[in-house]
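Okay, structure first, notes after.
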Amino acid sequence: MKEHGVPFGEAMRVWARVAALSFGGPAGQIAVMHRIIVEEKKWIGEQRFLQALNYCTLLPGPEAQQLATYIGWLMHKTRGGLLAGTLFVLPGLLAIMALSWIYVLLGRITVVQGLFFGLKAAVLVIVIEAVLRVGKRALRNNAMYALAAAAFIALFFYDVPFPVVVLTAGVIGFIGGRAGLAPFLAGGGHGKLGDKQLADADSLLGEETPEHARPNVRWSLCITAVFLALWLVPVVALYVGLGSDNVFTQIALFFSKMAVVTFGGAYAVLAYVAQQAVDNYHWVTAGQMLDGLGMAETTPGPLIMVTQFVGFLAAWREPGGMPPLLAATLGGLLTTWVTFTPCFLWIFFGAPFVEAMRANRALGAALGAITAAVVGVILNLAVWFALHVLFAKVVQVRWLGASIDVPVLNSVDLPSLALSVAAAIAIFRFKIGMIPVLLASSLAGIVFYLAVGLS
């Protein structure tokens, strides 16, 4: 097999560049990675990139960060994966932490209130745009539409647990693929990502599997043991030392569970986290969850970095005997640790077997079904956000076994509605990019709050 000839130092610079440019949520981050890694640097070919992406989409957690880890591992073994995955997270970690400090220390200042007011309205529209974007790719036939509709109904009306919805979709897709049913073989997945289709054989890595990327059960068990210890030893230590009711223990347990069960990409994960953090744990309000999502949308790195903001506010509210800012900082860092450490585990354990198992029809069908169900998951998130952004009051109505949140119409927030409509016109009618819309909405929110304060 040929040597790819990419020095580790150059890889470090390339992955730092990818991390610095990784704005815009998973779709934008994957597009940046494809442009730099496949089209510009020609490290790996199109098919290998898509195979890695499809595997990462099947995993729980943020697929863009896991894709960076996968490619870094392919190119430079375990240290390459650690470098790529860590650099992908680091800018977002620092940015979200700084914004979290500003949020709790200066959040009552009019300018800061206006900024986050504007972000909420734009984020709502961006989530709706994500529904349409993912739906266009995933819903290619009636079976996929049915899966998306069933997922939305199960979540929004019957509060079926999120993991049950996505795993059920995956099982249905897997069975459909094994049976050779056409709707499942045609649905979902990722098509070509760029105009330049680089063949694997023409890439620096080539089309053969590198020696270190071939399955080795002994190595897989060793690397699994190491990352399980890095992940779970702190969780167990918190549980034993502080008890199950302590906020740090709850953060460690909840986000560890999230790392295992949240399939379907960043927006699907956020649907689960938002509802649990707001309705079950009461760590944040719906408005604060939207503020955090606005932070994550406007900073580089995985969108799921919003979880750090949730952990930060959870510990800020219950600092115990510590200064609140110290407790909040530790809560945010703990959240990031238990959220991302498992991502390295999934890649280092599973990627060699994926490399050995080229296109698999049943797994591809499972991916398609999960992607279709995720459309319903994101739609549920969009509706949930809309109810809390546009209305001051929401009442719960029970009917035929279903539990439905119904807005009180006379509690509509007209400024939020106007700003959301303006953001929608900018995105859907004039095709303005996400970052300019977020910045313009934030500026409009600041102007509005200043005007109200002066009147």
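Residue numbers count from 1 along this sequence.
Counting only heavy atoms from C-beta outward, the side chains of L345 and V226 never approach each other to under 4.5 Å. In this structure the side chain of V247 never reaches within 4.5 angstrom of the side chain of L242, judged on heavy atoms. Between Y70 and I347 there is a side-chain heavy-atom pair separated by less than 4.5 Å. Side-chain contact check for L293 versus L303: some heavy-atom pair is nearer than 4.5 Å. With a 4.5 Å cut-off on side-chain heavy atoms, F385 and K120 do not count as touching. At a threshold of 4.5 Å between non-hydrogen side-chain atoms, the residues L270 and M289 count as touching. The side-chain heavy atoms of D413 and P415, taken from C-beta on, include a pair separated by under 4.5 Å. At least one side-chain heavy atom of S420 sits less than 4.5 Å from a side-chain heavy atom of L124.
Side-chain N or O atoms of D200 include one that pairs as donor or acceptor with a backbone N or O of R48 at under 3.5 Å. Between the side chain of K431 and the backbone N or O of F428, at least one donor-acceptor pair lies under 3.5 Å. No donor-acceptor pair closer than 3.5 Å links the side chain of S441 to the backbone N or O of L119. Side-chain N or O atoms of R214 include none that pairs as donor or acceptor with a backbone N or O of P352 at under 3.5 Å. Counting only distance, with no hydrogens or angles, the side chain of T341 and the backbone of V338 share no donor-acceptor pair below 3.5 Å. Distance alone, capped at 3.5 Å, places no donor-acceptor pair between the T86 side chain and the L83 backbone. Between the N141 side chain and the P183 main chain, a donor and an acceptor come within less than 3.5 Å of each other. No donor-acceptor distance shorter than 3.5 angstrom exists from the side chain of R429 to the backbone of A424, with no hydrogens or angles considered. Formation of a donor-acceptor pair under 3.5 Å by the Q288 side chain with backbone atoms of T285 is found in this model. S411 contributes a side-chain N or O that, together with a main-chain N or O of K393, makes up a donor-acceptor pair within less than 3.5 Å.
At a cut-off of 3.5 Å, with distance as the only test, a side-chain donor of T329 or W101 sits close to an acceptor on the other residue. D279 and Q275 share no donor-acceptor pair across their side chains, judged by distance under 3.5 Å alone.
Ring pair F312/Y103: centre-to-centre distance not below 6.0 Å. Checked against a 6.0 Å centroid threshold, the rings of W219 and H212 do not count as neighbours.
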side-chain contact (heavy atoms from CB on, under 4.5 Å), that's the test. Do F344 and Q65 meet it? Break it down for me.
CA-CA 9 Å; F344 292 101; Q65 186 266 352; 3.6 Å; yes

For side-chain contact (heavy atoms from CB on, under 4.5 Å), just list the numbers for E297 and V306, CA-CA rounded to whole Å, side-chain angles, deciding distance to a tenth of an Å, and then say yes or no.
CA-CA 9 Å; E297 292 275 16; V306 65; over 6 Å; no

Is there a side chain to side chain donor-acceptor pair (under 3.5 Å) between T335 and Q308 once you walk through the steps?
CA-CA 6 Å; T335 302; Q308 179 179 292; over 6 Å; no

Is there a side-chain contact (heavy atoms from CB on, under 4.5 Å) between C343 and V89? Walk through the geometry before answering.
CA-CA 11 Å; C343 296; V89 171; over 6 Å; no

Let's go through T249 and F254 carefully: what are the C-alpha distance in whole Å and the side-chain angles of both, what is the deciding distance for side-chain contact (heavy atoms from CB on, under 4.5 Å) to 0.1 Å, and is it a yes or a no?
CA-CA 8 Å; T249 305; F254 172 71; over 6 Å; no

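Between T298 atom OG1 and L99 atom CG the span is 6.5 Å, to the nearest 0.5 Å. With values rounded to the nearest 0.5 angstrom, L139 atom CG is found 5.5 Å from Y145 atom OH. The distance from atom CD1 of I37 to atom CG of L205, rounded to the nearest 0.5 Å, is 11.5 Å. Rounding to the nearest 0.5 Å places CD1 of I251 at 10.5 Å from CG of L333. Rounding to the nearest 0.5 Å gives a distance of 9.0 Å between CZ of F184 and CD1 of I175. In this structure, CD in Q66 is found 9.0 Å from CH2 in W346, a value given to the nearest 0.5 Å.
Between H34 and E46, the shortest heavy-atom contact is NE2-OE1, 2.8 Å. For the residue pair A121 and S416, the shortest heavy atom distance occurs at CB-O, 4.1 Å. Residue A122 comes nearest to L438 through the heavy atom pair CB-CD2, 3.7 Å, listed as atom of the first residue, atom of the second, then distance. When all heavy atoms of A95 and T299 are compared, the closest pair comes out as CB-CG2, 3.6 Å. Residues V131 and A382 approach most closely at CG2-CB, 4.3 Å, considering heavy atoms. Here the closest non-hydrogen pair linking V165 and A154 is CG2-CB, 4.1 Å.
For the side chain to side chain donor-acceptor pair (under 3.5 Å) test, residues two or more places apart in sequence or in another chain that qualify with S256 are W231. Taking S403 as the reference, Q396 meet the side chain to side chain donor-acceptor pair (under 3.5 Å) condition, with sequence neighbours excluded.
Note: H388 and W384 have tilted aromatic rings, judged against thresholds of 30 and 60 degrees for the angle between ring planes. Taking the six-membered ring for Trp and thresholds of 30 and 60 degrees, H76 and W43 have ring planes more than 60 degrees apart, a perpendicular arrangement. Below 30°, between 30° and 60°, or above 60°: for F353 and F349 the angle between ring planes is between 30° and 60°, a tilted geometry.
The number of heavy-atom neighbours closer than 6.0 Å to CG of N280, taken from other residues, nucleotides and ligands shown, is above 12.
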